[in-house]
Each structure stands twice: as C-alpha cells, then as structure tokens.
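Both counts, for ligands and for their atoms, begin at 1 and track the order of listing. The structure presented is a predicted model; accordingly, all values stated were derived computationally and were not measured.
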Amino acid sequence: MPAKYIAAIDQGTTSTRCILFDHTSPIASAQKEHRQIFPQPGWVEHDPIEIWQRTREVIREVCIRANIRKGDIAAVGITNQRETTVVWNRHTGKPYCNAIVWQDTRTKEICDELAREGGQDRFRAKTGLPLATYFSGPKIRWILDNCAGIRAAAESGDAIVGTIDSWLIWNLTGGAHHVTDVTNASRTMLMDLATLDWDDELLRIFNIPRQILPRITSSSDPAGWGTTPAGSCFGEAIPICGNLGDQQAALVGQTCFNPGESKNTYGTGCFVLLNTGTTPVQSKHGLVTTVAYKRGNDPAYYALEGSIAVTGSLVQWLRDSLGLIEKSSDVEALARSVPDNGGVYFVPAFSGLFAPYWRSDARGIIAGMTRFTNTGHIARAALEATALQTRDVIVAMEQDSGVKLSSLRVDGGMAVNELLMQFQADVLGVEVVRPKITETTALGAAYAAGLAIDFWSDLDSLRKNWQRDRAWEPKMAAAQRDECCRQWKKAIDRSLGWIE
Ligand code: ADP
C-alpha cells in the first residue's frame, strides 16, 4: 500500500499544530499553545523545551486521531515562526536560555550601533533586510554577549544556534542534523541572498563564529534532513523532506508559484508576500527581500515581503491584558456593536513599527478618543489597524514592483473575521479572496515535503487543489476611504519617536 499522508508540523508564535494531509485536503489535526514569556517591557521569550514537548504531543495526538499505522505517512514537512532564535548544547540538547522571539526588541542598541556606520540599510544589498530588532543575527549576537559562558561554548563548538526549524529538526532526528533552509536563513541577516550561504563579512561584523550556525539547504529536498528515529513520536522512521519559514510556506500553500502572485496571512502579525521570480528585487519603499522557496537543485525563487508585527496579537491583548473579550473570535461581535470607529485609530506599535516604516522608536497609541468612545470603538479600531497596516505595505509593494494588485489571497487565524475581510477589501479597493483550505502554512510545508518525494507530481496538481471559498468586494466610497487613510497616517505620525 502506498503511503496515504504527509505530516506537516507548523510551529507558530502562539501554538504548534500537526496536520495530516492526503492528496487534496487536511484529514486530521492537533494543536497546542505554549507560554508567551514577557520578562521586561519589549522582551518576548519562548521556552524551547516546552515547544519541543508540545510538538511531540501534537504529533502523538494526530497519529492517534487518524489511527495511523506503519507506512501511512510518506514524509514530514516543517514550517515555523521565523527569526526566533535558540542556542543549545550539541552534546546535551539543553538550551542555554529561552528562545528570543521575533517580536522582542532587546537588540535595539545592537542595531543602532551597527547602523551608526552605514545606516539602517547598510546590509540591505546583500541580505535584503534593514537593520531591525526583528531579525535573528542581532539576537544571536545579544545571546553571545549577554548569557554567561555562551561565548566560550560557541568558540569551543559546544554551543550551536538555530531558528525554530533547526531546533525541531535537530530534536526530531535525535540530534543527528543541524540544518536550516534558505527561507529561514534569509531572515538572519547573515546570509547572502545571491550565494545562499553564510557571509564571512557579516559574520565578522556581527562577531558570530561560523561553526555555531546550521548548514543551509533547499526548502524541498528528496535527500532531506534525515529521518525521525524508529522509536520517535511518529513510531517509525519517516524522512523529513520539507522545511520553510511560515510565511514562505503560506505562499506555497496558496500556490503563488508565478512571479506577480501574492498572499496575506493574518496571524499573530500580518505578512504580505509577492513572488518576484528567480531574481531578488531590492525594495525602495520599506519592504524586505527574502527567499520564497527553493526546490532541490532548481534556482531559488525570491519574494518581496511586507511584515507587520502586531495584528492578531492585538486581539489577544484586548482579551488577555484588557479583558474586553473572552475569546479572540468575540472581537467581531464587539466591533459590530458600533456602526464605525467613532473617530478612533489604534496604532499597535508594541514592537515598534515594521514594514514599511521600520521604526523601533515607535510605541502603541490610541488616538481620537472622546467621552463618546466605548469598547466597541476600541475593538473596531483594533481590527481596522490590521487592514490599514496591510494597506500600507501593499501600497509600498505596488510602488516597488510597478504592478497594481488585482486581488488579494488571504489566510491565517484572523481571515475568519468577516468584518475585517470586508474592511480590508474596502480600504484596498480590490477583491479579497479566501481559499477553502485556510491552513495554508501547514499545507505549504506538506507541499514542500510531498513534492520532494513525488507524493504530488508537479506544481499544476497543487494549483488544481486551490479552491475559492469566499470573496469580498470593496463597497466603501472612495472619499470615505481617502479620509480614513488620511486619519490613519496622522495616527502613525503620532506613534513615531516615542522611545527617545
Ligand atoms: P499564528 O500562526 O501566528 O500563531 P494563527 O494563524 O493561528 O496565528 O492566528 C491566530 C491569531 O488570530 C491570534 O492572534 C488570534 O487573536 C487571532 N484570531 C483568531 N480568531 C480571530 C477572529 N475571529 N477575529 C480576529 N482575530 C482572530
């Protein structure tokens, strides 16, 4: 009997999922949250051991749910929250400290110091990235400089570093493979986009020894990254053949394989990616250039990306820190309790502002409040902030690429929010389309693994799998849209320069 499924492990910012896909759809899934650790204002950490524990649990759970027997699963694909950095001991497997999460701003001083010589775009030509707290290179540097004993352990070869994909593959293969893929490596600020290898000059400037870094591989590779051990959580040896950062995986899951195709994922943050083909396109309007995916020995595909730090996490903040709602999905009813935002604008610059502003000195503000303002207006302004931030990056994308967006493919946890999707279509002035399978991140990881072993024969068979679920057409009058965008820009200006 040929194997029936591909297993995708999606290690996200707030939770870990394992989803089994057959040739057309998801057939079983399991999901577990992990703790968000906030030791100081601006710091965000995860416990890597907890993440590995949750990963094992969701694998076991999904295998039980789907009654998995030996030989049912053909391959494993991994996708992960990007940039989040772990340093661990290669002999014991123990992390030296908590993982520093992509949203963490503690590396601001390192970034400012590096920018003093050559400015914020000093490494952009080589890496596609502006100097910002978001990326892994400054996080690795911070750990090496600040955690007792790690510098010596790195020099002696005991300490090794990786993003969450490396951490999971290392654990899934019983410590046999220390690897990452080109998409994850392109988020470190240490990889040259042209050579797809760690860059010696960058390593010297960041003062990071090469031997602590993982080997960089393709995103989809029949040779893969070894197999899970026979006695592992899968209960047998299964090859790991796919590995992609979560946003690149969603691009693949949405089958945006042609240059000019794009998607927006609404999760903890929002990430718009536009496939630009086999040549990296440098942004002049505040986007980042990143690797989209690489299949085996084929040339890499690149993307322009607009990364927004805080969108779904703002809804969680309304829930957990303000107690305005009980569950995330309640935000829609609360926002619908008022007919409009009542003049309130919410700039959620909790981690500074990412694309297209890249201002780590920005902080969150709620502007335009009066005695009239109620919780409905705050909820509405929070949802509108997601759509308005998305609009800012799409305008930048149109300026960079010279191509006008004709429709936007959406996915992620917030894409179930109908009010948000309608408002998104309204402020963009284009159709917003949601596919039937919204777990596109996990789907992309499954596609990467499945393509490598011919579970799917080619890209066309994947394209046929993409089906439209719902679409939203713009309804807002142009004058109202312009006024809304003007007010939003005013609020953005007020949030800048708060950190002195
Ligand atoms: P990630 O993969 O980044 O962890 P998900 O794609 O699972 O994120 O999306 C989860 C996010 O979506 C959470 O931040 C949550 O607050 C938000 N969310 C979930 N349901 C809704 C909803 N109905 N309306 C708005 N936001 C939602």
Side-chain angles (χ1 to χ4, degrees), residues 8-19 26 29-36 44 46 51 54-55 58 78-84 99 101-103 134 164-165 244-251 253-254 263-273 307-337 346 348 350-351 354 376 378-387 389-390 410-424 432 434-435 437-445 470 472:
I9 297 168
D10 174 4
Q11 203 306 295
T13 308
T14 53
S15 72
T16 308
R17 297 174 178 84
C18 184
I19 307 186
S29 73
Q31 176 173 12
K32 291 221 160 153
E33 293 204 359
H34 58 267
R35 278 173 310 141
Q36 307 294 313
V44 187
H46 291 157
I51 285 183
R54 297 290 161 267
T55 306
V58 293
I78 312 277
T79 179
N80 57 292
Q81 52 168 320
R82 305 169 303 172
E83 300 96 11
T84 299
V101 177
W102 57 275
Q103 300 147 316
Y134 181 23
I164 296 287
D165 58 317
L244 292 157
D246 54 8
Q247 301 311 322
Q248 284 88 341
L251 189 76
Q254 289 267 26
K263 66 87 200 176
N264 189 18
T265 300
Y266 298 78
T268 308
C270 265
F271 302 87
V272 188
L273 266 75
S307 341
I308 304 163
V310 176
T311 57
S313 55
L314 182 59
V315 175
Q316 286 172 314
W317 182 81
L318 295 182
R319 181 192 68 189
D320 303 337
S321 300
L322 295 195
L324 292 191
I325 46 176
E326 243 174 64
K327 0 183 242 315
S328 291
S329 54
D330 295 343
V331 72
E332 183 162 355
L334 183 57
R336 281 189 193 277
S337 69
F346 195 155
F350 295 171
S351 304
F354 287 8
I378 305 281
R380 204 157 181 123
L383 289 180
E384 291 186 358
T386 295
Q389 292 186 97
T390 295
V410 300
D411 53 64
M414 291 183 98
V416 299
N417 191 308
E418 310 257 338
L419 182 70
L420 171 62
M421 293 298 106
Q422 182 59 55
F423 187 73
Q424 185 68 84
V432 166
R434 190 175 65 196
I437 304 178
T438 49
E439 292 284 6
T440 50
T441 304
L443 185 63
R470 257 211 76 172
W472 291 264

| field | Non-neighbouring partners of Q389 that pass side-chain hydrogen bond (donor to acceptor under 3.5 Å, both in side chains), sequence neighbours left out | value | none
| Flag for T438-D411: side-chain donor and acceptor within less than 3.5 Å | no
| Among all residues two or more places apart in sequence or in another chain, which pass the ring-ring contact (aromatic ring centres under 6.0 Å, His included) test with F271? | W102
| Taking only residues two or more places apart in sequence or in another chain, which ones pass side-chain hydrogen bond (donor to acceptor under 3.5 Å, both in side chains) with T386? | none
| field | Interatomic spacing from OG in S15 to CZ in R54 - rounded to 0.5 Å | value | 11.5 Å
| Between Q11 and T16, do the side chains contain an N or O donor and an N or O acceptor separated by less than 3.5 Å? | yes
| said: Can you work out which protein residues put a heavy atom within less than 4.0 Å of ligand 1? | reply: T13, T14, R17, G267, T268, G312, S313, V315, Q316, S328, S329, V331, G412, G413, M414, V416, N417
